[in-house]
Amino acid sequence: MNAQYAPYLGKDLLGLEELTREQIIGILDTSEPFKEISERAIKKVPVLRGKTIVNAFFESSTRTRISFEFAEKRLSADTVSFAAGGSSVSKGETLVDTARNLEAMRIDMVVIRHGSSGAAHFLADRIASNVINAGDGKHEHPTQGLLDLLTIRDHFGTLEGKKVCIVGDVLHSRVARSNIWGLRKVGAEVAVCGPLTLMPPRVEEMGVTVFRRIEEAIEWADALNVLRLQLERMEGGFVPSLREYNRVFGITNDRLDRAPNDILILHPGPMNRGVEIDSVVADGPHSVILKQVTNGVAVRMAVLYLLAGGEPDTAEAAKIGTGL
Amino acid sequence: MDLRIENGVVAELGDGLPESESEVIDADGLVVCPGLIDVHVHLREPGGEHKETIASGVAAAAAGGFTSIVAMPNTDPPIDNPAAVGFVLAEGRRIGLTRVYPSGAITVGQKGEQLTEVGEMVQAGAVTITDDGRPVRGAGVMRLALEYAQTFDLPVAVHEEETDLSRGGVMNEGIISSRLGLTGIPNAAEDVMIARDLLLTELTGGRLHVQHVSTVRGVDMIQRAKERGIRVTAEATPHHFTLTDAAVEQYRTDAKMNPPLRSEADREAVRAGVRDGTLDVIATDHAPHHYDEKEQAFDDAPFGIVGLETALGLGITELVEKRVIDLPTLIERMSCNPARALSLPGGTLARGKPGDVALFHLEREWVVDPSRFRSLSRNTPFADWKLRGQPIRTIVGGRSVWFRRED
């Protein structure tokens, strides 16, 4: 690691709110040379050889965790993953003790997923290792935001001036917050749409337009990022029923057919088919949902590489080097 | 000006009193005032002795210039019966520093259902009833409490929170909670309960004491209720007149309390309420927590901060120095009015009244160093703050119970 220089992203990646436009573009640009690694027969380069990374998942996750693990392994890092259920956390160990124990094993990076907003900050303040936020409560999920940006950029060639509407449960969504900050910083226009019961208070002060009706949002947008409607939101009384939600806010072919633009459909997964999005849309020509997943690995490689001390300019060369 | 205390009570106040054989304390350059009174203190004993004990709590109170404090009943088990009230009172007397006045719960187990034995608790020494820490959810029970307490001319002290509206909330609802992804507690959660209890007080003719008012509308409704002659007193805390929800940034658990730190407009309203007397009492809501408990993710950390050892400094720095109120008004809000609100002795240096005195340095700047607190807990958002107004000596019943050793 280039200890004498400030690392490109600083010590940690906790959210997109605190990144600059240049840093975000830098991560997206760095992702490009890493995309190709996953297309090879032998999917491995020595970029992170000798680095130890712990994936600490205090909340269940399939997609994000596997995506991080592939990114790490394809860069030759040594990795360990744990989920809260199978660790000392379930025996009542505090987050701070878990952090200190990980630190004592001289690891280089921690990827943390936690149900409480601010948990990644909490960890980052207490350990010297790099911390990557893989989703903290309702706060941020920066690598998801970045892979959404990359996917939109891949399609349109630019993010500047593109109109992106985030649809659904913005209130409880860390994906929504990372999208809002990331998209706004790179010059996209951002809107949100959903029932007001699922909108964060004073969300417009985050620099977004609020659409009350999905038809208006579809008319306006170049891309829709459709959020998962968690089933417990219905039990919490935020929406009367899943059926009604689909009728009022669901992304259906009918609604898209009336769209003036060639609209792009993103979804961070896992999807509730027939609730927030109809299957024909998810599997249809507008959908880039699987491209998001592919891009997720490349974006995470880029983040790992930059936090380990790499620079965007040298990413291509790093792939054939012997590690950082 | 000299002050003579004999047999624990004020004997004489005047210029050039003759020297007597008793102890003489030189107060040159210091402000001498009636001892401060904090009507809202969590001493945590019994059940939470790792956070605070009655002994450590009164030591902190004495070091903050307080000569009387009212202990909240939300201990484990709660102070909801005369024996428990007697325990707090006896323990306070045994320690013999700042006077400890117990409060009793409004409802058995603070469950909001059945009224406690208020009369017996009053006989045992309770000065008010409160379910502090939680609201009295049922309007019917609250009505009964306001009626029943009148037999003893007792104020009913209330933590105002509509828990259906505040459910899951950990900070003020606003743009900062939205950005941080933390569940907010809207002002309305406090306001609807203040409105309800003012109406019930009007209905019953009882005495209401509203704890830790934090909202614009809350201050406004209390002001109008007072104008209508409703018997209501109300508190402002130092943290609500000093900080806003911006203090929560970076997920600082030492800025997590309930009611939460609110917006700038709310903070201004609290200051205005202190100035015009709508909020007649400054009280700390001293809420000690062990550092392990605050050293957690924001959602998991408990509500509350310590306040006894920073209250006077914040009052002088934030209210007097910034010309919100003058010094005599601050003393009134921190001593005379609290005594009046809960019908406690003290709050005056008139002849024959308790010889409870606070001496403090008005101008001297000091730095808040939580490691030097007498409290067992250190959970304050004011660490490293520079404050003016430093307690120097605290006298209870004519006896120095604490004085500052010069560093």
Among residues 163-174 of chain B, residues within the sub-4.5 Å heavy-atom range of chain A, in order of number, are B:Glu173, B:Gly174
Whatever's closer than 4.5 Å to a heavy atom in chain B on A:Val203 counts as neither
- Query: Would you find more than 12 non-hydrogen atoms of other residues, nucleotides or ligands less than 6.0 Å from B:Lys111 atom NZ?
  - Reply: no
To the nearest 0.5 Å, atom CZ of A:Phe122 lies from atom CG of B:Asp300 at 9.5 Å
Value for CD1 (B:Ile175) from CZ (A:Arg202), rounded to nearest 0.5 Å, stands at 6.5 Å
Across all chains, not counting sequence neighbours, the side-chain hydrogen bond (donor to acceptor under 3.5 Å, both in side chains) partners of B:Glu268 are none
When rounded to the nearest 0.5 Å, the distance separating CG of A:Asp125 from CD of B:Gln250 is 7.0 Å
Worksheet entry | B:Arg217 atom CZ, neighbour heavy-atom count above 12 within 6.0 Å | no
Looking only at A:His121, A:His172, A:His114, A:Arg177, the option with the highest number of non-hydrogen pairs under 4.5 Å against chain B is A:Arg177
Whatever's closer than 4.5 Å to a heavy atom in chain B on A:Glu204 counts as neither
Within residues 136-146 of chain A, contacts to chain B at heavy-atom distances under 4.5 Å involve A:Asp136, A:Lys138, A:His139
From the list A:Ser116, A:Gly15, A:Gly115, the residue making the most non-hydrogen contacts under 4.5 Å with chain B is A:Ser116
Interface check, chain B: of A:Gly118, A:Ala119, A:Ser173, most non-hydrogen pairs under 4.5 Å belong to A:Gly118
Q: Evaluate side chain to side chain contact (heavy atoms under 4.5 Å, CB included) for B:Gln296 paired with A:Leu95, printing each intermediate quantity in order.
A: CA-CA 7 Å; B:Gln296 295 196 76; A:Leu95 187 53; over 6 Å; no
Ordered numerically, the heavy-atom neighbours of chain A under 4.5 Å found in residues 178-185 of chain B are B:Ser178, B:Arg179, B:Leu180, B:Gly181, B:Leu182, B:Thr183
Whether over 12 other heavy atoms sit under 6.0 Å from A:Arg213 CZ: no
When the 4.5 angstrom heavy-atom criterion is applied to A:Arg174 and chain B, the contacting part is neither
More than 12 heavy atoms of other residues, nucleotides or ligands under 6.0 Å from CZ of A:Arg21: yes or no? yes
